[in-house]
Amino acid sequence: MSDDKIKVSARAAFTEYMKTRKLRKTPERYAILDKVFDMTDHFFIDALYSSLEADAYHVSRATVYNTMELLIDCGLVRRHQFGNQPAQYEKVAASGIGNHHHLICSQCGKIKEVKDPELIRHINSRRYTTFHTTYFALYVYGVCSRCMRRNRKNNKTNT
Ligand SMILES: [Zn+2]
Ligand SMILES: [Zn+2]
């Protein structure tokens with residue numbers, strides 16, 4: 001699906017969501033949705049806020065937070081909490097999030113997305129009695145190759 005099509009279908013889902021909940025369909029909410037779908041990666045709320053500001057689009061922080069809560073509830077955005085970092089957000093494209101999982105470096109905090117279709121298929125195939133799975137999130141913690149190299153170097157200079 002093209003980026004434009006993804007945006008259009010996200011807007012449609014959001015409109016439907018607001019309609020059923022009798023929420024006001026304000027231009028601010030759509031502007032935030034569009035901005036979220038322009039993001040290619042995980043982002044902090046501050047980055048989203050500055051990006052709106054950079055477009056000379058002035059919305060209050062409260063509106064940004066509040067809209068993000070709606071987008072999460074609507075299933076268009078997912079919030080991540082990697083280790084002790086502040087929350088990060090990520091759009092959920094129709095092509096399906098949950099098609100990747102996250103490797104988190106405990107030293108520098110870098111997040112790497114990896115696709116492992118075999119593993120995802122396996123988890124998706126699991127059925128739990130008296131429970132219906134909607135989605136899952138898999139976080140793998142460790143040390144990235146850059147930190148590993150740096151650690152090795154530091155060990156050498158220390159000895
Ligand atoms: Zn690292
Ligand atoms: Zn991700």
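Counting starts at 1 for both ligands and their atoms, in listed order.
Judged by the 6.0 Å distance and 45° axis criteria, Arg29 is not positioned over the aromatic ring of Phe14. Cation-pi geometry between Arg126 and Phe136 is not met: the NZ or CZ atom fails to fall both under 6.0 Å from the ring centre and inside 45° of the normal.
Looking only at atom types and distance, the side chain of Gln88 has no donor-acceptor partner in the side chain of His80 under 3.5 Å away. For the residue pair Ser60 / Tyr65, no side-chain donor-acceptor distance below 3.5 Å is found, with atom types taken as modelled.
Exactly one of Leu76, Asp73, Val77 qualifies for a side-chain contact (heavy atoms from CB on, under 4.5 Å) with Met68. That residue is Val77.
For Asp41, every N, O or S atom stays at 2.8 Å or more from the Zn ion (ligand 2). Here His101 does not reach the Zn ion (ligand 2): none of its N/O/S atoms is less than 2.8 Å from the metal. Residue contact annotation: His80 places no N/O/S atom under 2.8 Å from the Zn ion (ligand 2).
To the nearest 10 degrees, the Zn ion (ligand 1) sees SG of Cys105 and SG of Cys144 at an angle of 110°. Expressed to the nearest 10°, the angle at the Zn ion (ligand 2) joining OE2 in Glu113 with NE2 in His102 is 130°. Rounding to 10°, one obtains 90° for the angle at the Zn ion (ligand 2) between OE1 (Glu90) and NE2 (His42).
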